[in-house]
Amino acid sequence: MSNQIILPRVLQVGENASLEIPSILDSLGCTRPLIITDKMMVELGYAKQVQSCLKDHQINSEVFDDTVPEPTVSSIQAGVDTVRNGNYDSIIALGGGSPIDSAKAISILGKFGGEMRDYKFPRIVNEQGLPIIAVPTTAGTGTEVTRFTIITDETNDEKMLCVGVGFMPIAALVDYKLTLSLPARITADTGIDALTHAMEAYVSKKASPYSDSQAIAAMKLIGPNLRRVYHDGSDHKAREAMMLGSTLAGIAFSNASVALVHGMSRPIGAAFHVPHGLSNAMLLPAVTEFSIPSAEEKYADCARAIGVATQADSDDVANQKLIAELRALNDELQVPTPEQFGIDRQQFFDLMPTMAEQALASGSPNNNPIVPTAEQIIDIYQQLW
């Protein structure tokens, strides 16, 4: 059995990688890019840096900064209209997961029309939209190297998973210096998101030797450095390790898929507006404990890669240490429970059956070592409280 590996055409990694945007555009024959970002990237001056870099190479660009956290059907529409009304030949996606996910959707809808729901899984989108150069500014989502985007349909609070090579950026420029200004909360949430990607890719039923190698490498980078960047955001070595770890985790899950944590996380985010990385963090210890019995060896590998267990530890001991570490990590990084986040208990419990249905419908739980029933998913949701 062989495995098809899908990656960006260009992957530029390291300090000042973002300065290579002009040469990438030149290699694509593109001269009129639209920078899709958010208002924070404009305020921090990152969008202006990109525009100045382009200007130095006689490339004019415009900025669309109306993307929002956890993008919705309506939030991307203005971007789609901008693309359709402008003569743009490419997109520079600058920011965290939300601007890059928004850019992916805008690239397809701006070129082919239709509605986002037309492109949701199980449809596989292989059409090529406007070419995207992804420049991530967080070490977490890995979306710069994935063939996925997630857009919320606000009419029914469904996070629609959209899949296909059409959503894969042409180029990903991974520059850790862009993460140095991230606040501790976003650093923590995106960091645990990256850890979740690596772990879920490794235990996924769709895993391959290739995705396993990327996932293990990602965990070895993230494990020793997540606490460091949370406590000291100016730590260049830790930031660089987290950025590379996030990208490797993105490559791993783009080629092996995610599993139960993500399946259960999306409905929490859609219904209660919990940031994606944070809802993953809430779920990771409980879902891992649920799943270990069917993948003891693989989860023990995770514990060793993260650095909380040794080769001398039995798989059982390693897995006990893994669960303890995930809980300790949430405590140290101040990950709130749903209650501490401010979610109403009655509303959360009332929505559990619907959230369980949405989780199963996403397909992600089918990749989990133990494929849960709706009742088992509800039980895990209840444990979060």
Side-chain angles (χ1 to χ4, degrees), residues 40 68-72 96-98 138-141 150 152 154 157-159 182-197 199-200 222-223 225-233 242 246 258-292 306 308 320-356 358-359 362 364-365 372 376-385:
M40 182 57 69
V68 300
E70 315 296 324
T72 65
S98 296
T138 64
T141 68
I150 297 172
T152 300
E154 58 270 68
D157 279 341
E158 178 191 359
K159 282 203 170 190
L182 281 180
R185 180 72 268 144
I186 296 176
T187 296
D189 297 347
T190 54
I192 297 179
D193 192 21
L195 178 61
T196 305
H197 291 153
M199 287 181 60
E200 291 215 291
I222 295 166
N225 289 292
L226 180 47
R227 284 179 171 85
R228 281 177 62 180
V229 290
Y230 175 71
H231 292 297
D232 179 9
M242 287 297 298
S246 169
V258 287
L260 182 54
V261 173
H262 277 74
M264 292 181 63
S265 174
R266 294 186 200 107
I268 294 177
F272 300 104
H273 309 293
V274 180
H276 173 69
L278 195 56
S279 54
N280 277 352
M282 291 174 179
L283 284 157
L284 185 57
V287 170
T288 300
E289 191 167 31
F290 168 79
S291 306
I292 280 173
I306 292 166
V308 296
Q320 290 176 32
K321 289 182 175 180
L322 177 62
I323 295 298
E325 165 66 4
L326 295 179
R327 289 181 177 142
L329 192 61
N330 277 5
D331 287 343
E332 188 167 337
L333 272 53
Q334 298 184 315
V335 173
T337 63
E339 182 180 26
Q340 291 166 340
F341 186 80
I343 295 173
D344 178 76
R345 185 184 191 279
Q346 192 62 49
Q347 192 180 6
F348 189 70
F349 275 71
D350 287 347
L351 267 179
M352 282 180 187
T354 300
M355 292 195 298
Q358 290 178 341
S362 74
S364 299
Q376 288 172 315
I377 289 177
I378 289 171
D379 181 63
I380 295 171
Y381 278 138
Q382 288 173 343
Q383 291 176 39
L384 303 188
W385 207 266

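If you read the sequence from its start, that first residue is 1, and numbering goes on from there. Computed from a prediction, not measured in an experiment: that's the story for all the values here.
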Do M199 and V261 have side chains that get closer than 4.5 Å, going by heavy atoms?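 When only atoms from C-beta onward are counted, V261 and M199 do not touch, as no gap falls below 4.5 Å.
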Rounded distance [0.5 Å steps], OG1 in T337 versus CD in Q383: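 One gets 13.5 Å once the value is rounded to the nearest 0.5 Å.
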Say you draw a straight line from NE2 of H273 to OG1 of T152; how long is it, rounded to the nearest 0.5 Å?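 Going from the NE2 atom of H273 to the OG1 atom of T152 covers 8.5 Å.
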Measuring from D193:CG to H262:NE2, what's the distance to the nearest 0.5 Å?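 Here the rounded value is 5.0 Å.
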Option from Q358, E70, H276 for which side-chain hydrogen bond (donor to acceptor under 3.5 Å, both in side chains) with K159 holds: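 With K159 as partner, Q358, E70, H276 yield a single side-chain hydrogen bond (donor to acceptor under 3.5 Å, both in side chains), made by E70.
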Closest contact, heavy atoms only, Y230 versus E332: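 The pair with the smallest heavy-atom distance is CE2-O, 3.4 Å.
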Report yes if the side chains of S279 and F341 come closer than 4.5 Å at any heavy-atom pair, otherwise no.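 No - every pair of side-chain heavy atoms lies 4.5 Å or more apart.
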I'd like to know whether M242 forms a side chain to side chain contact (heavy atoms under 4.5 Å, CB included) with R228, so could you lay out the CA-CA distance, the side-chain angles of the two residues, the decisive distance to 0.1 Å, and finally the verdict. CA-CA 10 Å; M242 287 297 298; R228 281 177 62 180; over 6 Å; no
Any side-chain heavy-atom pair from I268 and P338 closer than 4.5 angstrom?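 The answer is no, as the side chains (C-beta and beyond) never meet within the 4.5 Å cut-off.
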Specify the closest pair of heavy atoms between A281 and V335, including all atoms of both residues, with the distance to one decimal.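 For A281 and V335, the tightest heavy-atom pair comes out as CB-CG1, 3.8 Å.
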Ring geometry between F348 and Y381 (parallel below 30°, tilted from 30 to 60°, perpendicular above 60°):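 If you compare the ring of Y381 with that of F348, the planes turn out perpendicular.
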Could you state the interatomic distance from CD1 (I150) to CD (E158), rounded to the nearest 0.5 Å?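 Going from the CD1 atom of I150 to the CD atom of E158 covers 11.5 Å.
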Nearest atoms (heavy-atom pairs only) where I323 meets P285: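 Closest pair (atom of I323, atom of P285, distance): CD1-O, 3.8 Å.
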With a 4.5 Å cut-off on side-chain heavy atoms, are V274 and M282 touching?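 SC-SC contact between M282 and V274 confirmed.
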Please name all residues satisfying side chain to side chain contact (heavy atoms under 4.5 Å, CB included) with Q382, sequence neighbours left out, ordered by chain then number.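 Listed in chain order: F349, M352, I378, D379.
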Do S364 and E200 pass the side chain to side chain contact (heavy atoms under 4.5 Å, CB included) test, and can you show the C-alpha distance, the side-chain angles, and the key distance before you say yes or no? CA-CA 10 Å; S364 299; E200 291 215 291; over 6 Å; no
Work out which heavy atom in G191 is nearest to a heavy atom in I222; give both atom names and the distance.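 What the structure gives for the nearest pair is O-CG2, 4.2 Å.
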Donor-acceptor under 3.5 Å (R185 side chain, L333 main chain):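 Looks like yes, one N/O pair under 3.5 Å.
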Report the distance from atom CD1 of I192 to atom CG of L278, rounding to the nearest 0.5 Å.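 So the gap between those two atoms works out to 8.0 Å.
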To the nearest 0.5 Å, tell me how far N280 CG sits from H197 NE2.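 Interatomic distance, N280 CG to H197 NE2, rounded to 0.5 Å: 6.0 Å.
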Closest non-hydrogen atom pair, A139 against A194: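 Distance-wise, the nearest heavy atoms are O-CB, 4.4 Å.
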Check whether any side-chain heavy atom of L195 lies under 4.5 Å from a side-chain heavy atom of L329, and answer yes or no.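 The answer is yes, as the side chains (C-beta and beyond) meet within the 4.5 Å cut-off.
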Contacts of type side chain to side chain contact (heavy atoms under 4.5 Å, CB included), residue P372, not counting sequence neighbours: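 In terms of side chain to side chain contact (heavy atoms under 4.5 Å, CB included), with neighbours along the sequence ignored, P372 is linked to L260, F290, P365, Q376, I377.
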Using a strict 4.0 Å threshold on nitrogen-to-oxygen distance, state whether R327 and D331 make a salt bridge.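 No salt bridge links R327 with D331.
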With no hydrogens and no angle check, is any side-chain donor or acceptor of E339 less than 3.5 Å from a backbone partner on W385?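 Such a contact is absent between E339 side chain and W385 backbone.
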